[in-house]
Amino acid sequence: MPTILITGATSGIGRATAQVFAEKGYDLIITARRAERLEAFAQFLKVEYDCSVQTLVFDVRDKKACEEAVKDLDQIDVLINNAGLAKGLATIDEGDIDHWETMIDTNIKGLLYMTRLISPKMVKAGKGHIINVASTAGKEVYPKGNVYCATKHAVEALTKAMRLDLYEKGIKVSQVSPGHVEETEFALVRFDGDREKAKIYEDFSPLKSRDVAEAILFIAERPAHVNVQDILMMGSQQASSIFIDKSGRLDA
Ligand code: NDP
Ligand code: 8X3
């Protein structure tokens with residue numbers, strides 16, 4: 001079976017993506033920083049789906065750790081650059097510079113390190129697929145979203161640039177661009193663990209992590225002659241980053 005490497009698989013979209021690929025019997029390499037949680041999830045996948053799961057514990061912001069983690073890997077068939085986060089929600093004059101650096105280092109530099117390390121073996125083999133997890137925040141900006149939106153605009157630019165650089169080398173490049181997604185720790189991380197502030201999905205039904213995972217699986221399973229460039233998706237009550245029908249959840 002093809003080997004799928006997913007960064008950021010301890011929660012949210014990455015975890016759901018690992019599960020949908022495991023259900024189809026793919027060989028998985030899952031990564032994140034929280035070792036215990038990653039290992040427990042790998043055990044669950046192995047027992048539940050009888051698939052091969054390797055874990056790699058490292059921080060995508062640490063270039064040396066990325067190099068060390070992947071140096072002995074064979075060719076990867078699909079690299080899913082999912083690890084990412086938002087920190088804070090503040091106007092540009094009040095933003096926390098540590099938050100900015102964390103987002104830039106994770107969402108842009110981490111994605112670049114992983115791509116630079118994994119893509120040469122794909123090029124050598126003349127096949128492979130890189131799928132980046134972008135966002136509606138890469139299509140438009142919203143108040144106080146400044147640096148997070150900038151990092152996701154960068155992901156969008158990099159997907160397009162990678163495609164130009166790799167299409168003649170047999171490598172597919174795609175992205176998925178979701179709006180709000182629940183069953184993730186995204187809001188909790190953004191608001192530094194503040195559970196009250198993280199209650200942002202109470203008045204509408206956003207996408208669920210599995211919705212995005214299934215889109216990623218769809219992208220990965222297209223036949224050789226098809227490259228899906230992007231899937232832009234939102235919950236049906238969300239029409240843009242700022243236009244959200246908050247009249248109540250659909251499952252209330
Ligand atoms: P979660 O917080 O649930 O998951 C983020 C994952 O990334 C975790 O597994 C986390 O693992 C990992 N991660 C974070 N930082 C690092 C790091 N420095 N090194 C290694 N792994 C890291 O959030 P989501 O599932 O929502 O986020 C996944 C992606 O989806 C992100 O790129 C996000 O920007 C994007 N996205 C999210 C949306 C949403 O509304 N939720 C909408 C659109 C896009 P660990 O902490 O164990 O390292
Ligand atoms: C996550 C969606 O709107 O919170 O990328 O930026 S949003």
Side-chain angles (χ1 to χ4, degrees), residues 5-19 30-42 55-63 65-66 69-70 80-89 101-111 113-114 131-156 158-159 175-193 197-198 200-201 204-213 215-216 230-235 238-244:
L5 190 155
I6 305 165
T7 65
T10 43
S11 70
I13 294 168
R15 183 182 165 100
T17 302
Q19 183 150 349
I30 56 175
T31 89
R33 293 166 299 179
R34 287 171 290 181
E36 255 181 51
R37 209 199 258 221
L38 191 68
E39 197 48 51
F41 181 46
T55 55
L56 298 173
V57 177
F58 64 96
D59 187 327
V60 294
R61 292 172 296 176
D62 181 338
K63 181 155 58 92
C66 293
V70 307
I80 302 175
N81 281 315
N82 164 74
L85 77 181
K87 289 299 276 181
L89 194 63
E101 285 175 344
T102 300
M103 292 187 278
I104 291 166
D105 290 349
T106 310
N107 301 356
I108 305 176
K109 290 169 72 178
L111 178 147
Y113 296 155
M114 291 304 291
I131 304 176
N132 296 326
V133 178
S135 171
T136 46
K139 310 280 184 192
E140 49 181 330
V141 293
Y142 53 83
K144 301 184 179 176
N146 41 60
V147 176
Y148 177 68
C149 294
T151 65
K152 289 298 175 175
H153 276 68
V155 172
E156 165 114 7
L158 286 168
T159 301
Q175 70 180 23
V176 61
S177 304
H180 286 290
V181 187
E182 63 181 351
E183 298 175 343
T184 70
E185 294 177 358
F186 182 84
L188 202 58
V189 169
R190 173 168 236 168
F191 297 116
D192 282 330
K197 275 195 186 167
I200 61 172
Y201 312 121
F204 72 106
S205 293
L207 297 169
K208 296 186 184 299
S209 54
R210 191 175 175 99
D211 298 322
V212 183
I216 294 171
D230 189 3
I231 293 182
L232 170 61
M233 58 193 297
M234 282 165 265
Q238 181 177 3
S240 82
S241 289
I242 53 170
F243 289 103
I244 302 176

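Keep in mind that the numbers below use all heavy atoms, side chains included, and drop hydrogens, waters and symmetry copies. Both ligands and their constituent atoms are indexed starting at 1 by order of listing.
Ranking the protein heavy atoms by distance from atom 31 (C) of ligand 1 puts N82 O, 3.3 Å first. In terms of protein heavy atoms, atom 42 (C) of ligand 1 is closest to G179 O, 3.0 Å. With hydrogens left out, the protein atom closest to atom 35 (C) of ligand 1 is V133 CG1, 3.8 Å, a heavy atom. At the top of the distance list for atom 12 (C) of ligand 1, counting protein heavy atoms only, stands G8 CA, 3.5 Å. In this structure, atom 19 (N) of ligand 1 lies nearest to the protein heavy atom V60 N, 3.0 Å. Remark: minimum distance from atom 9 (O) of ligand 1 to any protein heavy atom is reached at T10 OG1, 2.7 Å.
Heavy-atom contacts of H180 reach the following atoms of ligand 1: 40 (O) (cutoff under 4.0 Å). Distances below 4.0 Å separate heavy atoms of Y148 from the following atoms of ligand 2: 1 (C), 5 (O), 6 (O). The E185 neighbourhood of ligand 1 comprises atoms 1 (P), 2 (O), 3 (O), with distances under 4.0 Å to a heavy atom of that residue. Atoms of ligand 1 found under 4.0 Å from any heavy atom of T106, numbered from 1 in the order shown, are 15 (N), 18 (N). Near S135, meaning under 4.0 Å from any of its heavy atoms, are these atoms of ligand 1: 43 (C), 44 (C). Interface atoms of ligand 1 facing R34, defined by a heavy-atom separation under 4.0 Å, are 11 (O), 45 (P), 46 (O), 47 (O). Against a heavy-atom cut-off of under 4.0 Å, G84 is close to the following atoms of ligand 1: 5 (C), 7 (O), 31 (C), 32 (O). Distances below 4.0 Å separate heavy atoms of A134 from the following atoms of ligand 1: 43 (C), 44 (C). Counting atoms of ligand 2 from 1 in the listed order, those under 4.0 Å from a heavy atom of Y142 are 3 (O), 4 (O), 6 (O), 7 (S).
Both tests pass for R190 against the ring of Y148: distance under 6.0 Å to the centre and angle within 45° of the axis.
The aromatic ring centroids of Y113 and F58 lie 6.0 Å or more from each other. For H180 and F204, the gap between ring centers is short of 6.0 Å.
If you look at R37 next to ligand 1, there are no close heavy atoms at all, none under 4.0 Å. Looking at R190 against ligand 2, only its side chain comes within 4.0 Å, counting heavy atoms. At a heavy-atom distance under 4.0 Å, no atom of A86 approaches ligand 1.
Nearest to atom 4 (O) of ligand 1 by heavy atom, out of S11, G12, A9, is S11. With Y148, F186, Y201 as candidates, the residue nearest to atom 23 (O) of ligand 1 on a non-hydrogen basis is F186. Comparing heavy-atom distances from atom 13 (N) of ligand 1 across G235, P206, A83, A32 singles out A83 as nearest.
Side-chain contact between V57 and R34 is absent, with no heavy-atom pair separated by less than 4.5 Å. Counting heavy atoms from C-beta outward, L111 and V155 have side chains that approach closer than 4.5 Å.
Checked for salt-bridge contact, D192 and K197 miss the test: no charged N lies under 4.0 Å from a carboxylate O.
For a threshold of 3.5 Å applied to N or O pairs, the pair formed by S241 and ligand 2 contains no separation below that value. Considering backbone and side-chain atoms together, T136 places no N or O closer than 3.5 Å to any N or O of ligand 2.
One distance of note links NZ of K152 with NZ of K139; it measures 12.0 Å at 0.5 Å rounding.
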